[in-house]
Amino acid sequence: MRRMISLILALLMAAGALALVACKKEQPKPNDSTTTPADTSDPGTDQEQAFDVPTMNLGRRMKILTFNGVVTDFLTDSEKKSETAMEDNVNQAIVKRDYYAAEHLGIELQVERIEGQFGAMNEFIATVANNVFEGGEPYDLVAAYSLIPVALMIRGAMKNLNEVPHVDFDKSWWSDFVYEAVTLGDQTYFMTGELSASLLYNMQVVLYNRSLLAAQSAITDAQLYEMVDNNEWTVDRFFEVAEAVTVTNVDGTEDKKRQYVIGLSDNNQLDSFYIASGMHLFRMENGSLTVSADLKSEKVTSLFETVMRAVNDGTTLRINGSPSYFKDGLEVFTVACVKYVKTDYKDMKDLGLLPFPKYDARDSYHTLLGSEHAQYFIPDNAASTEESGALLETLAYAGSVEITPAVYEKIMKKQYSKDPDSSRMFDIIRAGTITELGILSYTQFTGGLEPASMFRNGVLPEQTSNATYLFWGMPEYVRIRRALRETVT
């Protein structure tokens, strides 16, 4: 099993040539830029952060391929003409970003959007691979579901963005935490930043029903905010808060009708317990990429014990996640991506918001980025690498001017926030956003090998069949789960 994982990691290393960078700023860029990102709401006006893609008159159509997500980063032509679609403030910001890019480069943008979410990843991968390797009208840019690009990177289907003219990851409109996670040596094949609305909407947070909390406990919003501000908002403290909430269920009530204190919008949110605790999936050891020792550390054992106690008491933590439980008042808190505030919870008028809790008070707050965000890359057969680079950089800059102010500042920090304190929580949440190559390379690990799912699958009931055991051997996560469970019983 570990040999299989090691082979896959070696393949990832070969695709990136060298090693994971420890820090973005330690790597020289092709444009030799060494500027430090400025803290400004309009980065294009800062001299060191000035947008420097020259005005062009390319006079052609540039084609973008993307996927159908809950929150999309691009609209089709028909949607842009739809009054209903254009009533959405997020869509308005996307259109303004695209208009700026089209005017600046003298182009017409054509968007092709197909299925490509989790259940349709193979089809999306095949669409890009066939276009790159078997011919067809090339795409100038691809915005893919985040778990897809690694599969195409390994196949050599995309450009190294660090060698693409005009693309400058030292600019503040690119996400440093993504760069640090995905860069192998001096090679970065996919990235994201402020061009993406889906990046903001897929931050995993803790939401709570303020009315239910007030009715079923003596805990106030002010006390919760104080815990966050005093660095006391830890996993242990979260479950202590849950114990102070009164939940009354009739004996024998089926689980789907029982009220729990904490729930999950889906089972993927269990990953936040591991990643937001500062643990890693992959590590560099002696110049090689390998599975992190965190997966079998005392810390993960302690965290597992804490989570399992909350699961087993029957009222603290519901793990068969669904957004409907929280919406229907069967959960007081839920762990969910921000996108649910826009969709399933849009009619809930009394929502509170907090960052995901730390493992230890000495840690920083971390916000795991959900998978349904877009990662951007330039296909290897793009008609003009330079022109694709100009488009990518212009969209990123325009996103910092149009999308971040409209979506983050106006919608999230004002519309979704009930008071200045909850607005401030958004800043803490966004500042701590993280992801991992071990999560983004999910498609390369199958049959129980997925490092991204090991903690989650340790908490969830075993679902791996004997037939799978016979083919792969006992999955690593089952061995970890059983070893961890021995510490609880």
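Just so you know, residue 1 is the first one in the sequence shown, and it goes up from there.
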Are the side chains of Leu184 and Tyr189 in contact, using a 4.5 Å heavy-atom criterion?
no

According to salt bridge (Lys or Arg N to Asp or Glu O under 4.0 Å), does anything in residues 311-326 pair up with another residue at least two apart or in another chain? List the pairs.
Asp255-Arg318, Arg318-Glu331

Extract all donor-acceptor atom pairs below 3.5 Å that involve side chains of residues 344-352 and protein atoms in other chains or at least two apart in sequence.
residue	atom	partner	partner atom	Å
Tyr345	OH	Pro323	O	3.3
Asp350	OD2	Ser211	N	3.2
Asp350	OD2	Ser211	OG	2.5

Heavy-atom check, side chain of Leu437 versus side chain of Val150, under 4.5 Å
yes

Please report the C-alpha distance between Thr188 and Thr183 in whole Å, then the side-chain angles of each, then the deciding distance to 0.1 Å, and finally whether the side chain to side chain donor-acceptor pair (under 3.5 Å) criterion is met.
CA-CA 5 Å; Thr188 306; Thr183 298; 2.8 Å; yes

Could you give the side-chain donor-acceptor pairs of residues 428-435 under 3.5 Å, partners two or more places apart or in another chain?
residue	atom	partner	partner atom	Å
Thr433	OG1	Ile429	O	3.4
Thr433	OG1	Arg430	O	2.8

Cut-off 3.5 Å, no hydrogens considered: what does the side-chain donor-acceptor table look like for residues 409-416, sequence neighbours left out?
residue	atom	partner	partner atom	Å
Lys413	NZ	Asp427	OD1	3.1
Lys413	NZ	Asp427	OD2	2.9
Tyr416	OH	Tyr201	OH	3.1

Kindly compute the distance separating CD1 (Ile148) from CG (Leu440), expressed to the nearest 0.5 Å.
11.5 Å

Heavy atoms, side chains only, cut-off 4.5 Å: are Phe239 and Thr306 in contact?
yes

Go through the steps to decide whether Tyr208 and Thr334 satisfy the test side chain to side chain donor-acceptor pair (under 3.5 Å), and finish with yes or no.
CA-CA 6 Å; Tyr208 66 96; Thr334 190; over 6 Å; no

Quick one, Val71 and Glu372 - any side-chain contact, counting heavy atoms below 4.5 Å?
no

Below 4.5 Å, heavy atoms only, C-beta onward: do Met121 and Phe67 meet side chain to side chain?
no

Rounded to the nearest 0.5 Å, how far does CZ of Phe124 lie from OH of Tyr145?
12.5 Å

Could you check, using the six-membered ring where one of them is a Trp, whether Tyr442 and Phe118 have ring centers closer than 6.0 angstrom?
yes

To the nearest 0.5 Å, tell me how far Lys171 NZ sits from Ser400 OG.
11.0 Å

Within the structure provided, determine whether Val261 and Val241 are in side-chain contact (heavy-atom separation under 4.5 Å).
no

Checking side chain to side chain donor-acceptor pair (under 3.5 Å) for the pair Gln375/Thr192: CA distance, chi angles, key distance, verdict?
CA-CA 5 Å; Gln375 292 283 346; Thr192 190; 5.1 Å; no

Return the CZ to OG1 distance between Arg362 and Thr234, rounded to the nearest 0.5 Å.
11.5 Å

I need the Glu180 CD to Glu436 CD distance, nearest 0.5 Å.
11.5 Å

Distance (rounded to the nearest 0.5 Å) between Leu353 CG and Met425 CE:
8.5 Å

Test item: Leu303 and Phe455 side chains (from C-beta on) under 4.5 Å apart, heavy atoms
yes

Only pairs at least two apart or in different chains count here, so list each salt bridge (Lys or Arg N to Asp or Glu O under 4.0 Å) that has a residue in residues 234-244.
Glu232-Arg237, Arg237-Glu240

So, Tyr179 versus Trp174, ring centres under 6.0 angstrom or not?
no

Tell me whether the rings of Tyr408 and Phe426 are parallel (<30°), tilted (30 to 60°) or perpendicular (>60°).
perpendicular

Do Phe273 and Tyr359 make the cut of ring centroids closer than 6.0 angstrom?
no

Answer yes or no: is there a donor N or O on one side and an acceptor on the other, between the side chain of Asn202 and the main chain of Leu369, under 3.5 Å?
no

Can you confirm if the NZ or CZ of Arg97 lies within 45° of the ring axis of Phe74 and under 6.0 Å from the centre of its six-membered ring?
yes

Distance-only polar pair, side chains of Tyr274 and Asp294, donor-acceptor under 3.5 Å
no

Please enumerate all residues that pass side chain to side chain donor-acceptor pair (under 3.5 Å) together with Ser272, with sequence neighbours excluded.
Gln204

Side chain proximity check, Leu354 to Leu224, heavy atoms < 4.5 angstrom:
yes

Mind running salt bridge (Lys or Arg N to Asp or Glu O under 4.0 Å) on Asp328 and Lys257 for me, showing each step along the way?
CA-CA 10 Å; Asp328 294 340; Lys257 295 181 180 179; over 6 Å; no

